[in-house]
Amino acid sequence: MKTTNFYEKVYQIVRRIPYGKVTTYGLIAAHLGVKSSSRMVGYAMNSSHSLPNIPAHRVVNRNGMLTGKFHFPTPTLMEELLQNEGIRVKNDMIINFKNYLWIPEND
DNA sequence: TCTTTGACGCTGA
DNA sequence: ATCAGCGCCAAAG
């Protein structure tokens, strides 16, 4: 059957993001083997609101910038959640982003 | 069925 | 180092 598991894969990875950690669209896409489709990852997240336990706020772009914050119920919710996890956000950007960066692995 | 969109990333100037 | 433009690929209308 080989349907498009793209979204499904993305959701699984995002769900695996540990508390206090963040990842990027590019890393997720790369993990799926389609690093060129980094945009699709974010697009998939758009539907993530339909599913629970999808910490979309832990997913940022490769610059560590909260690009998708405007897509949240409130544009401040995303940084609020991140800061709530101990991640410092300044100017919509994660401080020491690289320090909080989490890379999806097969565990 | 075809067109437009899109929470990104990279290369070139 | 900074700015701008193009490319990717899948999903929804």
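Lettering of chains follows the sequences in order, A, B, ..., and the numbering in each one begins at 1.
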*Contact residues, residues 42-71 of chain A to DNA chain B [heavy atom, < 4.0 Å]*: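 Those residues whose heavy atoms fall under 4.0 Å from DNA chain B, taken from residues 42-71 of chain A in numerical order, are A/Gly42, A/Tyr43, A/Met45, A/Asn46, A/Ser48, A/Ala56, A/Asn61, A/Arg62, A/Thr67, A/Gly68, A/His71.
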
*asked:* Please list, in numerical order, the residues of residues 73-90 of chain A that have a heavy atom closer than 4.0 Å to any atom of DNA chain B.
replied: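 Heavy-atom cutoff 4.0 Å gives no residues at all.
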
_Contact list for DNA chain C against residues 9-39 of chain A - heavy-atom distance below 4.0 Å_ =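 A/Ser36, A/Ser37, A/Arg39 - these, ordered by number, are the residues of the stretch whose heavy atoms sit under 4.0 Å from the strand.
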
Does the side chain of [Y] come within less than 4.5 Å of [X]'s, by heavy atoms?
{"X": "A/Asn63", "Y": "A/Met93", "answer": "no"}
{"X": "A/Ser48", "Y": "A/Val14", "answer": "no"}
{"X": "A/Met45", "Y": "A/His71", "answer": "no"}
{"X": "A/Tyr100", "Y": "A/Leu82", "answer": "no"}
{"X": "A/Val60", "Y": "A/Met78", "answer": "yes"}
{"X": "A/Arg58", "Y": "A/Tyr19", "answer": "yes"}

_Evaluate A/Leu101 against A/Leu27 for side-chain contact (heavy atoms from CB on, under 4.5 Å), listing each step before the verdict._
CA-CA 10 Å; A/Leu101 181 59; A/Leu27 287 174; 3.6 Å; yes

*Following the transitive rule for hydrophobic clusters with a side-chain heavy-atom cut-off under 4.5 Å over Ile, Leu, Val, Met, Phe, Trp and Tyr, establish whether A/Trp102 and A/Val41 coincide in one cluster.*
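Yes; tracing contacts between hydrophobic side chains, which count when under 4.5 Å, links both residues.
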
*Should A/Leu66 and A/Val59 be regarded as members of a common hydrophobic cluster, given that ILVMFWY residues are connected when their side-chain heavy atoms come within less than 4.5 Å of each other, either directly or indirectly?*
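No.
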
_Whole angstrom value for the distance that separates P of C/dA10 from CD of A/Glu8_ =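 Those two atoms, CD and P, are 16 Å apart.
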
*Mark yes or no for whether A/Tyr11, through its side chain, and A/Ala44, through its backbone, hold a donor-acceptor pair below 3.5 Å.*
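Confirmed, A/Tyr11 side chain pairs with A/Ala44 backbone.
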
